[in-house]
Amino acid sequence: MGCAGSTQSQGDGSVKKIRKPKPWKHTQPITKAQLMQLREEFWDTAPHYGGRKEIWDALRAAAEADISLAQAIVDSAGVIVQNTDLTICYDERGAKYELPKYVLSEPSNLVEENKID
């Protein structure tokens, strides 16, 4: 049993359903390769900023999955979703996990490799 306040549900009893992030724009046009490099750097360093590695692993799996699978992943890992686009989450112990939009979706100004000077 847990404390009555330690639940994933909102006050009305429903679990927050995750959704795709809203369209966003990177500070400058980037290629798919540059985006992938940013993502790898984030996931390699994220556990060093606190939280539990297994939650970071679950968040990565959810970020890379389709929405229905992502929902199942966060639910089974006990992740408490603060923002429905997964940018802010908590674990059951209250540790905060912040995900940048670039690990959750592609920017609207993603360009092909040969278009970058």
Pair Asp91 + Lys96, salt bridge at N-O below 4.0 Å: no

pair Lys25-Pro107: side-chain heavy atoms closer than 4.5 Å: no

Contacts under 3.5 angstrom, residues 50-66 side chains, donor-acceptor by atom type, not counting sequence neighbours:
from	atom 1	to	atom 2	distance (Å)
Arg52	NE	Glu54	OE2	2.8
Arg52	NH2	Glu54	OE2	3.4
Lys53	NZ	Asp57	OD1	3.1
Lys53	NZ	Asp57	OD2	3.0
Trp56	NE1	Gly50	O	2.8
Arg60	NE	Glu64	OE2	3.0
Arg60	NH2	Glu40	OE2	2.6
Asp66	OD1	Ser68	N	3.2
Asp66	OD1	Ser68	OG	3.1
Asp66	OD1	Leu69	N	3.0

Flag side-chain contact, heavy atom, 4.5 Å: Ser105 against Trp24: yes

Contact check, side chains of Met36 and Thr31, non-hydrogen atoms, under 4.5 Å: no

Flag side-chain contact, heavy atom, 4.5 Å: Glu41 against Thr45: no

Sub-4.5 Å side-chain heavy-atom contact between Pro100 and Phe42: yes

All salt bridge (charged side-chain N to carboxylate O under 4.0 Å, His left out) counterparts of Lys32, not counting sequence neighbours: Glu106

Beyond-backbone contact of Asp85 with Arg19, side-chain heavy atoms, under 4.5 angstrom: yes

Donor-acceptor contact below 3.5 Å, side chain Gln71 vs main chain Ile18: yes

Atom pair CD1 (Ile30) and CG (Leu38), whose distance is rounded to the nearest 0.5 Å: 5.5 Å

Member of Thr87, Leu86, Val81 meeting the side-chain contact (heavy atoms from CB on, under 4.5 Å) criterion with Asn83: Thr87

Ile73 vs Val79 side-chain heavy atoms within contact, under 4.5 Å: no

Heavy-atom donor-acceptor pair, Asn109 side chain to His26 backbone, under 3.5 Å: yes

Residues forming a salt bridge (charged side-chain N to carboxylate O under 4.0 Å, His left out) with Lys20, sequence neighbours excluded: none

